[in-house]
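See structure below.
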Amino acid sequence: MVELQIDGKTVEVKEGSMIMHAAEAVGTYVPHFCYHKKLSIAANCRMCLVDVDKAAKPLPACATPVTQGMIVRTQSKKALQAQKSVMEFLLINHPLDCPICDQGGECQLQDLAVGYGGSASRYEEEKRVVFHKDAGPLISMQEMSRCIHCTRCVRFGEEISGLKELGFTHRGEHAEIESFIGLSVDSELSGNMIDICPVGALTSKPFRFQARTWELGRRKSVSPHDSTGTNLIMQVKNHKVLRVVPLENEAINECWIADRDRFSYEALGASDRLTTPMIKQAGVWHEVDWNTALSFVAEALQDITQKSGVKSIGTLMSPHNTTEELFLGGRLLRALGSDNVDARLRHADFHHEARVHWLGCAIQELSLMDNVFVVGGNLRKDHPILAQRLRHAIRHGAQVLSLNAKESDWAMPLSFDWVQGPEDWAQCLANLCATVAQESSKAPPLGLGEANDALRPMAQALLSGERKTILLGNAAAHHPQFSVLLAWVNALAELTGAKSGVLGESANTVGAQWVQARPSHSSGGLNAQQMLEPGALKAMILMNVEPEHDCAQPAKAVKALSTMDLVVTLSPFKTNVAYSDVLLPMSPFSETAGSFVNTEGRSQSFHAVVRPLIETRPLWKILRVMANILDLPGFEYETIEEVRSLMAQSLPELSGQLSNMSATVPTLEGPQVFQAPCVAASLALDGLVRRSAALQSTHDARAGI
């Protein structure tokens, strides 16, 4: 540790720290633009000049290492004069358009100009003009004359998103930040460049000119998309979400969010929002009130129960629903007498296990891993925030290995990129286990698999390091041999001393397992695949599910639903109209209270950030009223807190259920007819993402990746 003084305060920091870090530790603010705690040091802006004892001239706090006994003054006349001089230079070419700038009210340059800028400019020459660039549908580069060349966006692309999409061209007063060869900015984390830009050079294209920052209310929420559980700030005006930005949480998403978390809010105002209950009569849709719609559903369910039995009724629920909605959806159907309940829409392996599969470690630990082996998944697209943590680990010497069906650009260097057809993954893992066992002089599991010299470097990599994990990605989770793959991963983890984990596709994949949104082993209930067999059911309740996009076999699902006597769709959107008989408008995550359980098993609750749109209602309230009309017991609740209390009484403790141990024995026997894993494209994951105009205009959406 190194001891120094800052403005008379003594502080100890690690050797190699910069003055800026010491100032943060002691609570002293040093003005800056280019410095960012998550990025490398560039020392471009020079705004952080401070007075260091025995130094001939002011030194940049962000790039000056601390030394024992150093004395630093941030408020001396020498320091303040240096900072004011730098500010004068920064403002020389900056356009005076604060009143029309989208960054107005939250601009770092604007804030610091108040304290360090002059009341008048001495610069009389013409200001330079930088022509606008087209960076794609998400980021606006219309006012690049505002850029102060801090290079935060450049460093973000190289270090955080893994793509060098922006860079410097030209020199001197002709220097510009632009994308190379006129390309758009296509990283799945690109929107973070908007947040870290300290001026109004990079702004949100969908939010552009929508509101002033001081008009917006700010409310906390949680991402309803992938399984990371990213923390969000929803910015609202007139009960409408106008912008989404990250809520900093070091344990989960740090200070970043993925583009689908940032821009999917556009779907909340989509033209196909369902705002009133609707019933189809003689092929024509009619708007009705809630009592009429729910009474119609109740009577139809009772009629089908009398004619075909209650086991002819089923429900499919989205793993993007809240934990409370999933719990109550299953409770409603089971109260009717049916266990045809499932949220595993894209799965192909339905072996029932009481365990709740999860990441196997804390999200934060991924940044500290020495080795990570990902089986069947492209983290860059499926889990962008987790991929960012692996990039951090790689920069500190970690190795990332992959087994996938095709080569993909992970935007990070992979030590081993093993490409094999998904039908061979079990054999690949068996051979790798045998090779690892041979390298470590242990017996291979069950004597299966063959050691292979080509796999020896991979085996040695897996045996090296202390902190390591083996993760099953989305493609593996939806693999017809998922339980077998998990068994092999556990065997490999035991041989190498690694942890094992399942990433989980959706915002509430772990929560759905916990609340038993799947048929129990002994009930004889049908799983998602069986429910969609022709003639299997007479009635289906779809809770936030669009079978054409969400199910493993879309055509088969639509055909089965088209032959049913009753299909009830609860959705925020007018969807499934071809085969539904009733449409009930349920609130999206922004208009309801609830919770999601992320991949590390962390339950995060949130409240509605805006009121429900017109006649839209939260699903947990719809289910209560429907149950009351059907005279079902166990639905006597009035608030979301009472629902959670009911869950606590009915469910085992979540922490005790988290386990990736598999009851399946490793085998090499595959199904007679192999079904390729169904993996949703990154921008087709759920209904909200699919309806965001900006996201659907991106390169990834057009390419279907």
Side-chain angles (χ1 to χ4, degrees), residues 2-11 13 17-37 39-98 101 103-128 145-152 155 168 171-173 175 177 196-201:
V2 175
E3 186 179 282
L4 68 154
Q5 276 190 12
I6 296 183
D7 293 340
K9 299 177 183 177
T10 301
V11 62
V13 293
S17 298
M18 303 298 161
I19 293 175
M20 183 72 80
H21 302 141
E24 288 176 345
V26 82
T28 297
Y29 177 73
V30 178
H32 60 273
F33 292 112
C34 67
Y35 171 77
H36 190 282
K37 62 182 179 181
L39 302 176
S40 62
I41 292 168
N44 287 339
C45 71
R46 318 306 283 185
M47 190 65 209
C48 63
L49 291 175
V50 293
D51 181 7
V52 179
D53 198 34
K54 298 181 182 179
K57 55 185 179 179
L59 300 177
C62 69
T64 304
V66 297
T67 58
Q68 184 65 33
M70 176 183 277
I71 299 175
V72 180
R73 289 175 288 272
T74 68
Q75 299 294 316
S76 69
K77 183 178 179 180
K78 184 178 180 180
L80 291 175
Q81 184 57 49
Q83 292 162 1
K84 288 181 178 180
S85 296
V86 170
M87 177 58 72
E88 184 176 20
F89 279 115
L90 289 174
L91 292 175
I92 277 177
N93 279 305
H94 196 79
L96 301 178
D97 59 355
C98 293
C101 178
Q103 197 86 345
E106 55 186 7
C107 175
Q108 210 171 332
L109 181 63
Q110 194 178 54
D111 293 342
L112 292 180
V114 173
Y116 300 91
S119 58
S121 174
R122 295 184 290 172
Y123 186 75
E124 296 179 354
E125 286 74 20
E126 288 186 7
K127 291 178 179 282
R128 79 174 195 147
S145 295
R146 299 172 184 161
C147 179
I148 61 171
H149 301 162
C150 69
T151 69
R152 279 186 179 184
R155 285 175 285 146
F168 254 127
R171 299 180 66 184
E173 70 169 2
I177 297 287
I196 64 176
C197 181
V199 295

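Only this structure's heavy atoms are used, side chains among them; waters, hydrogens and symmetry mates stay out.
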Under 3.5 Å, is there a donor-acceptor pair between the side chain of Glu88 and the main chain of Ser121? no
Any Lys/Arg nitrogen of Lys77 or Asp51 sitting under 4.0 Å from an Asp/Glu carboxylate oxygen of the other? no
Exercise. Where do Gln110 and Val199 land on the side-chain contact (heavy atoms from CB on, under 4.5 Å) test, with the steps shown first?
Worked result: CA-CA 8 Å; Gln110 194 178 54; Val199 295; over 6 Å; no
Rounded to the nearest 0.5 angstrom, the CE-CG distance for Met70 and Leu59 is 7.5 Å
field: Side-chain donor or acceptor of Gln5 paired with backbone N/O of Ile71 under 3.5 Å
entry: no
Compare all side-chain heavy atoms of Val11 with those of Lys9 and state whether any distance is below 4.5 angstrom.
no
Check: Does any non-hydrogen side-chain atom of Ile196 lie less than 4.5 Å from one of Leu39?
Finding: yes
Residues passing the ring pair (Phe, Tyr, Trp, His ring centres under 6.0 Å) test with Phe168, sequence neighbours excluded, are His149
Go through Leu109 and Leu91 one step at a time and tell me if the side-chain contact (heavy atoms from CB on, under 4.5 Å) criterion holds.
CA-CA 9 Å; Leu109 181 63; Leu91 292 175; 4.2 Å; yes
In short, Ala113 meets Met87 closest at the heavy-atom pair N-CE, 3.7 Å
Legend entry - Pairwise side-chain contact, Ile41 with Met20, heavy-atom cut-off 4.5 Å (strictly under): no
Is the shortest side-chain heavy-atom distance between Leu4 and Thr67 below 4.5 Å?
no
Correct closest heavy-atom pair for Ile6 and Ala23 would be CD1-N, 3.4 Å
### Task
Check whether any side-chain N or O of Arg146 sits under 3.5 Å from a backbone N or O of His94 as a donor-acceptor pair, and report yes or no.
no
Please confirm whether the backbone N or O of Glu3 pairs with a side-chain atom of Gln68, one donor and one acceptor, at under 3.5 Å? yes
Flag if over 12 foreign heavy atoms under 6.0 Å of OH, Tyr123: yes
Here the gap from Ile19 atom CD1 to Thr64 atom OG1, rounded to the nearest 0.5 Å, amounts to 4.5 Å
Shortest non-hydrogen pair, Met18 vs Pro65, comes out as SD-N, 3.5 Å
Query raised in the report: Are side-chain heavy atoms of Leu49 and Lys57 found at a separation under 4.5 Å?
Result: no
Scanning both residues in full, the closest heavy-atom pair of Asp7 with Gln75 reads OD1-N, 3.9 Å
Arg128 side chain to Asn93 main-chain N or O, any donor-acceptor pair under 3.5 Å?
no
Judged by atom type as modelled, is there a donor-acceptor pair below 3.5 Å linking the side chain of Arg155 to the main-chain atoms of Cys150? yes
Close side-chain approach of Pro31 to Tyr116, heavy-atom, < 4.5 Å: yes
Candidate pair Leu80 and Gln83, rule side-chain contact (heavy atoms from CB on, under 4.5 Å), full reasoning: CA-CA 5 Å; Leu80 291 175; Gln83 292 162 1; 3.7 Å; yes
Of Arg152, Met47, His36, His32, the one forming a side-chain contact (heavy atoms from CB on, under 4.5 Å) with Pro198 is Arg152
ask   = With a 4.5 Å limit on heavy-atom distance, are the side chains of Phe33 and Leu112 in contact?
value = yes
**Request:** For Lys84, look at atom NZ and say whether over 12 heavy atoms of other residues, nucleotides or ligands are found less than 6.0 Å away.
**Result:** no
Closest non-hydrogen contact found for Cys48 with Cys62 is SG-N, 3.4 Å
Heavy-atom donor-acceptor pair, Glu24 side chain to Lys37 backbone, under 3.5 Å
no
Taken to the nearest 0.5 Å, the spacing of Leu96 CG from Cys101 SG works out to 11.5 Å
